2 protein chains.
Amino acid sequence: MLKGTLQTIILKLLEDNNRMYGYEITQKVKELTTGEIMLTEGALYPALHKLEADGSLETFTEVVDGRARKYYRLTEQGGDEVKSKLSEAQAFIDQLQLLLNLKPIVK
Amino acid sequence: MLKGTLQTIILKLLEDNNRMYGYEITQKVKELTTGEIMLTEGALYPALHKLEADGSLETFTEVVDGRARKYYRLTEQGGDEVKSKLSEAQAFIDQLQLLLNLKPIVK
DNA sequence: TCTACATACATAAGAAAATTATGTATGTAG
DNA sequence: CTACATACATAATTTTCTTATGTATGTAGA
């Protein structure tokens, strides 16, 4: 029901960190959630590609220690996108909390 | 990413309300979330059928004002299922909040 | 040296879940 | 008699995620 959660997480991390590469994102999420949320590559990379195709992210490649890293950075449009996705996610989470914490209805 | 949210909402409502029928569930969710979450029939009915097939819900039909209502009620297994789904959802929401509320990292 | 594991990217096949579009049928209000 | 609300249901499509692969390099240990 909460669509685009992965995209929202990616955008938020890039808002806070300026530039990150895919593998780094998986490790950061794993670290921040103490292993409770593990991003799979099969979900992450297509999501990154889509965000780039949509114009929210831009990329540049650097070779570090002989391995290529594809860095992602927010575009200006991406900056707007984060704000809108974050408030959307918050609104949904708030409503969900409301529904799931319901007290029994006493008749 | 949060799979089974709709099922969790349904199960929680039935835990609080003992018995409900499909249309009633859509109206209750709409009312509680002031229209922010609207369940579509195409999602709701298949979800109810699946929960029944899984043994979490049982049904009985009543005719009210000439219209048939198919009521759903939690089974004992469904009662266990609610608890487990609720704590799973809460854990996920907590981690998501953590990720989405991150402060910028000052370097 | 060879093996295992971590780093780093990517795609394809399939499953799961939702949206959108229909369809049936009855009651009520104008 | 028309429109809208009530009440259920399914089919087609789309979206999103999981699982399974595949390539390639660096590092640590046996």
Side-chain angles (χ1 to χ4, degrees), chain A residues 1-11 13 19-31 33 35-54 56-73 85 88-89 92 95-96 99, chain B residues 1-11 13 19-31 33 35-54 56-72 85 88-89 92 95-96:
Chain A
M1 297 183 71
L2 213 195
K3 40 186 178 134
T5 311
L6 177 54
Q7 289 194 9
T8 308
I9 292 173
I10 292 170
L11 291 169
L13 284 175
R19 61 182 225 165
M20 297 183 85
Y21 54 100
Y23 185 74
E24 185 185 11
I25 293 175
T26 66
Q27 299 307 301
K28 180 59 83 178
V29 168
K30 182 180 175 182
E31 176 200 330
T33 64
E36 281 198 61
I37 294 181
M38 305 279 285
L39 301 189
T40 58
E41 301 101 313
L44 178 69
Y45 291 113
L48 285 170
H49 301 162
K50 185 165 194 315
L51 286 168
E52 186 184 7
D54 291 345
S56 292
L57 301 182
E58 59 187 8
T59 63
F60 57 98
T61 300
E62 277 181 22
V63 177
V64 180
D65 296 328
R67 274 187 295 258
R69 286 181 183 173
K70 193 169 168 187
Y71 279 97
Y72 290 85
R73 184 158 48 202
K85 289 232 178 209
E88 204 180 307
F92 181 79
Q95 295 304 324
L96 190 56
L99 287 176
Chain B
M1 297 183 72
L2 214 196
K3 44 190 173 126
T5 310
L6 176 54
Q7 289 194 10
T8 307
I9 292 173
I10 292 170
L11 290 170
L13 284 175
R19 60 182 227 166
M20 297 183 86
Y21 54 100
Y23 185 75
E24 185 184 11
I25 292 175
T26 66
Q27 297 309 300
K28 180 59 84 178
V29 168
K30 183 180 175 184
E31 176 200 329
T33 65
E36 281 198 60
I37 294 180
M38 305 280 284
L39 302 188
T40 57
E41 302 100 312
L44 177 69
Y45 291 114
L48 286 170
H49 300 162
K50 185 166 194 314
L51 286 168
E52 185 185 6
D54 291 346
S56 292
L57 302 182
E58 60 187 8
T59 63
F60 57 98
T61 300
E62 277 182 23
V63 177
V64 180
D65 296 329
R67 272 189 297 258
R69 285 181 182 172
K70 193 167 166 188
Y71 279 97
Y72 289 85
K85 289 232 178 209
E88 204 181 306
F92 182 79
Q95 296 303 325
L96 190 55

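Predicted model, so just to flag it, every value in this text is computed and none were measured. Chain letters run A, B, ... following the sequence lines, proteins first, then strands; residues in each count from 1.
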Quiz item: Just checking B:Gly22: base, sugar-phosphate only, or nothing, at a heavy-atom cut-off of under 4.0 Å?
Solution: sugar-phosphate

Quiz item: Separation of A:Tyr45 atom OH from D:dA20 atom P, in whole Å?
Solution: 19 Å

Exercise. Spell out, as yes or no, whether a donor-acceptor pair under 3.5 Å connects the side chain of B:Glu24 to the backbone of B:Tyr21.
Key: yes

Practice problem: Check whether the side chains of A:Arg69 and A:Tyr71 place a donor and an acceptor atom closer than 3.5 Å, and report yes or no. | Solution: yes

Quiz item: Which of the following nucleotides, D:dA7, D:dA9, C:dA10, is nearest to the side chain of B:Tyr21?
Solution: D:dA7

Quiz prompt | Rounded distance in Å - CG (A:Leu44) to P (C:dT11) | solution = 12 Å

Quiz item: Which part of the nucleic acid, if any, lies within reach of A:Ala68 when heavy atoms closer than 4.0 Å are counted: base, sugar-phosphate only, or nothing?
Solution: sugar-phosphate

Quiz item: What's the OH-C1' distance between B:Tyr72 and D:dA7, to the nearest Å?
Solution: 11 Å

Self-check item: Interatomic distance, A:His49 NE2 vs D:dC17 C1' [rounded to whole Å]
Solution: 16 Å

Exercise. Say whether B:Thr26 and B:Glu41, considering side chains only, have a donor N or O and an acceptor N or O under 3.5 Å apart.
Key: no

Quiz item: When all nucleic acid strands are considered with a 4.0 Å heavy-atom cut-off, which category describes A:Arg69: base, sugar-phosphate, or nothing?
Solution: sugar-phosphate

Exercise. Would you mind telling me which of C:dT19, C:dA17, D:dC8 lies closest to the side-chain atoms of B:Ala43?
Key: C:dT19

Quiz item: Which of these nucleotides, C:dC9, D:dC8, D:dT18, is closest to any side-chain atom of B:Lys70?
Solution: D:dC8

Quiz item: C:dA6, D:dC17, C:dA17: which one has an atom nearest the side-chain heavy atoms of A:Leu6?
Solution: D:dC17

Quiz item: Side-chain contact, heavy-atom cut-off 4.5 Å: B:Leu48 with B:Ile25?
Solution: yes

Practice problem: Could you tell me the separation between the CD atom of B:Glu41 and the P atom of C:dA25, rounded to a whole number of Å? | Solution: 17 Å

Practice problem: Give the nucleotide from the list D:dA5, C:dT19, C:dT11 with an atom nearest to the side chain of B:Arg67. | Solution: D:dA5

